[in-house]
Amino acid sequence: MESTILIIDDNPDTIRLLSVMLRQQARVLFATNGMAGLEIARAQRPNLILLDVQMKSMDGFAVCERIMADPDLRHCPVIFVTASGGVESEIACLDAGAVDFITKPLSGPVVQARVRTHLRLQAALASLDNLAHKDGLTGLHNRRYFDEQMALEIARHRRQGAALGVALVDVDHFKLYNDHYGHQMGDECLRAVAQALTQCTRRPGELVARYGGEEFVVLLPNSCEEEVLRYGDWICRHVAALALPHAASPVARHVTISAGLCSVAPDIEDGPASLLEAADKALYEAKRSGRNRACIGGPAQAKCLAG
Ligand SMILES: Nc1nc2c(ncn2[C@@H]2O[C@H](COP(=O)(O)OP(=O)(O)OP(=O)(O)O)[C@@H](O)[C@H]2O)c(=O)[nH]1
């Protein structure tokens, strides 16, 4: 896949020159000031940013600081383009979080070589990141990534006094499914359920992950009990509507799921463990009361919607 490079520079001549130098290597985007550059970076997620140090409204260091503070951007490598050489200037660029710097006057082969190196490194890091955070079978985020995000979301909801929803989702009688259809078909079934959950979970900030085995977990930011219960009911219906045959199931002739839910405005006492425990208790209740349904725990003890 073609890489994307963003040039942020308030001199159109430099942008033109760099674009010509780099157009064989990548798709080139540009911005003529820091604010516009940050907006494009957030929208387009470039693989590399070339950032001018001296710009009028917001200089390169200030832009770089914002890039490093933004969780969505901080992994994007920044190369400073600077007119001032010398050790102090180089150290200032690297201290600001840049991976490299290029000094003016610009030399085509030097720019191309440095950019090539950092695009390669960025691709290698991105694939490592993917391996560390994705589940190989379903392509969903894995438990490790979920745990990181959940800790961040709890802290954010605590600050804002907002309710965070959690759904633990478990395929019903999945052992019987494996026994009847074989492990490979079992894997296919997990992929189909993962895809269905992804389709149902599209609001900004919502996150679906494989929790382990035949269990999935969903984070639902800013969601009250009623919304979380509605979501749980919806995913149960959605998976049932896939009509994946499950001849061995005592619940239905097709694959069904159960969901344990909770919605909590976290106070200082509430951490990932207490929210997951509440969702797990609700999941137990969903299983106990017949499966193919969503139950919510916490203060609204064991309110269930049958799928
Ligand atoms: N095919 C496949 N099976 C898996 C995978 N991970 C876990 N399993 C199986 O999932 C099954 C889970 O079984 P149980 O925990 O007994 O639960 P269940 O049969 O779904 O029953 P209930 O949850 O009570 O409805 C076990 O047979 C595991 O071997 C996987 O990656 N692929």
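Here the structure is a predicted model, which means the values were calculated and not measured. Start at 1 and go down the list; that is how both ligands and their atoms are numbered.
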Problem set entry | Polar side-chain atom of Arg16 near backbone of Thr14 as donor-acceptor pair, under 3.5 Å | no

For this session: For the residue pair Tyr231 and Trp234, categorise the inter-ring angle as parallel (less than 30°), tilted (30 to 60°) or perpendicular (more than 60°).
Result: perpendicular

For this session: Give a yes or no answer on whether the side chain of Glu206 reaches the backbone of Arg203 with a donor-acceptor pair at less than 3.5 Å.
Result: yes

Problem set entry | Residues, nucleotides or ligands: over 12 heavy atoms within 6.0 Å of Glu65 CD | no

Exercise. Ser274 side chain to Asp270 main-chain N or O, any donor-acceptor pair under 3.5 Å?
Worked result: no

Exercise. Okay, side chain of Arg42, backbone of Arg45: is any donor-acceptor separation there less than 3.5 Å?
Worked result: no

Problem set entry | Set of residues that line ligand 1, where lining means a heavy atom lies under 4.0 Å from it | Leu137, Asp170, Val171, Asp172, His173, Phe174, Lys175, Asn178, His183, Gly186, Asp187, Leu190, Arg210, Gly213, Glu214, Lys287, Arg291

